Amino acid sequence: MLVFRGIQKTTLIDFPGRVACTLFLPGCDFRCPFCYNITLVLGQETGVEITEKEALDFLQGRKGFLDGVCITGGEPLLHSGLLGFCKKAHALGLLVKLDTNGSMPEELERLIKEKAVDYIAMDIKAPPEKYSEAAGAKVDIAKIKRSARLIMESGIDYEFRTTVVPALHSEADLLEIGEWLKGARRFFLQQFNPNVPLLGRSLEGSRTYSEAELQGFAEKLRKFFKHAEVRAGA
Ligand code: SF4
């Protein structure tokens with residue numbers, strides 16, 4: 001049984017084109033220095049504890065108002081109860097969106113095969129050779145590549161997104177991501193927020209790319225993706 005450590009009762013942003021509720025699961029196998037979900041990632045007390053039953057009761061009570069539920073983290077695939085929860089959300093008539101860092105392709109494949117998710121958003125931290133640096137952890141890049149390929153071939157709606165940090169990503173890095181994932185349906189560049197506490201303290205207060213610079217990157221990435229856009233906030 002899942003225990004969620006955060007909830008956003010209504011969001012018009014997290015699940016594209018849908019009115020959704022976002023539920024947060026604790027723990028993550030990455031330590032991205034630009035991550036601001038510190039307590040959640042480190043499994044510390046968030047002050048919120050929502051059992052699976054409480055979450056389902058809440059969703060049931062909002063039937064007719066919500067289109068879907070977005071499950072985020074942390075890394076949701078670390079939780080073995082995720083598949084069962086997705087099925088219960090479907091039984092309530094809700095669509096399910098999953099946010100993932102792509103480090104667990106076997107678990108991801110199970111969700112895809114069972115048709116347990118309707119939209120997948122996978123973070124792309126960096127081009128392959130810089131992945132571990134950007135993720136703040138030793139990453140098995142073969143697993144990341146496998147997850148990205150699974151998603152692209154799944155037939156399920158999806159997006160890839162990169163939080164763009166000047167200290168980690170050059171324009172050449174972003175174009176390399178484009179080469180790697182070319183043909184993908186949707187790619188978002190997300191602005192990095194250095195004005196909040198971050199896992200990597202040295203990035204706090206550091207510079208960001210300007211809106212114009214991000215738009216310039218998106219323009220250059222449009223040759224690789226059907227849609228490449230800038231999204232505010234990370
Ligand atoms: S940004 Fe990185 S550390 Fe934070 S939740 Fe996502 S994958 Fe984990």
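Order of appearance sets the numbers: ligands from 1, and atoms from 1 within every ligand. Scope of the values below: all heavy atoms of this structure, side chains included, with no hydrogens, waters or symmetry mates. A quick note: this is a predicted structure, and the numbers were derived from the prediction, not measured.
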Student: Taking only residues two or more places apart in sequence, or in another chain, which ones meet Glu54 in a side chain to side chain donor-acceptor pair (under 3.5 Å)?
Tutor: Thr51

Student: For Lys125, counting its heavy atoms only, list the atoms of ligand 1 lying under 4.0 Å from any of them.
Tutor: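 Per the distance check, 1 (S), 2 (Fe), 6 (Fe), 7 (S).
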
Student: Name the residue from Arg186, Arg222, Arg161 that meets the salt bridge (Lys or Arg N to Asp or Glu O under 4.0 Å) definition with Glu229.
Tutor: Arg222

Student: Considering atom 8 (Fe) of ligand 1, could you give the total of protein N/O/S atoms lying closer than 2.8 Å?
Tutor: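 For atom 8 (Fe) of ligand 1, the figure is 1.
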
Student: I would like to know whether Phe160 and Phe225 meet ring pair (Phe, Tyr, Trp, His ring centres under 6.0 Å); could you show each step before the answer?
Tutor: CA-CA 10 Å; Phe160 295 123; Phe225 303 114; 7.6 Å; no

Student: Give me the ring orientation class for Tyr131 and Trp180: parallel if the planes are under 30° apart, tilted from 30 to 60°, perpendicular past 60°.
Tutor: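 Tyr131 and Trp180: perpendicular rings.
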
Student: Can a donor-acceptor pair be found, under 3.5 Å and without considering hydrogens, that links the side chain of His227 to the backbone of Phe188?
Tutor: no

Student: Any side-chain to backbone donor/acceptor pair from Thr22 onto Gln8? Under 3.5 Å, distance only.
Tutor: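 Here the side-chain-to-backbone pair does not exist.
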
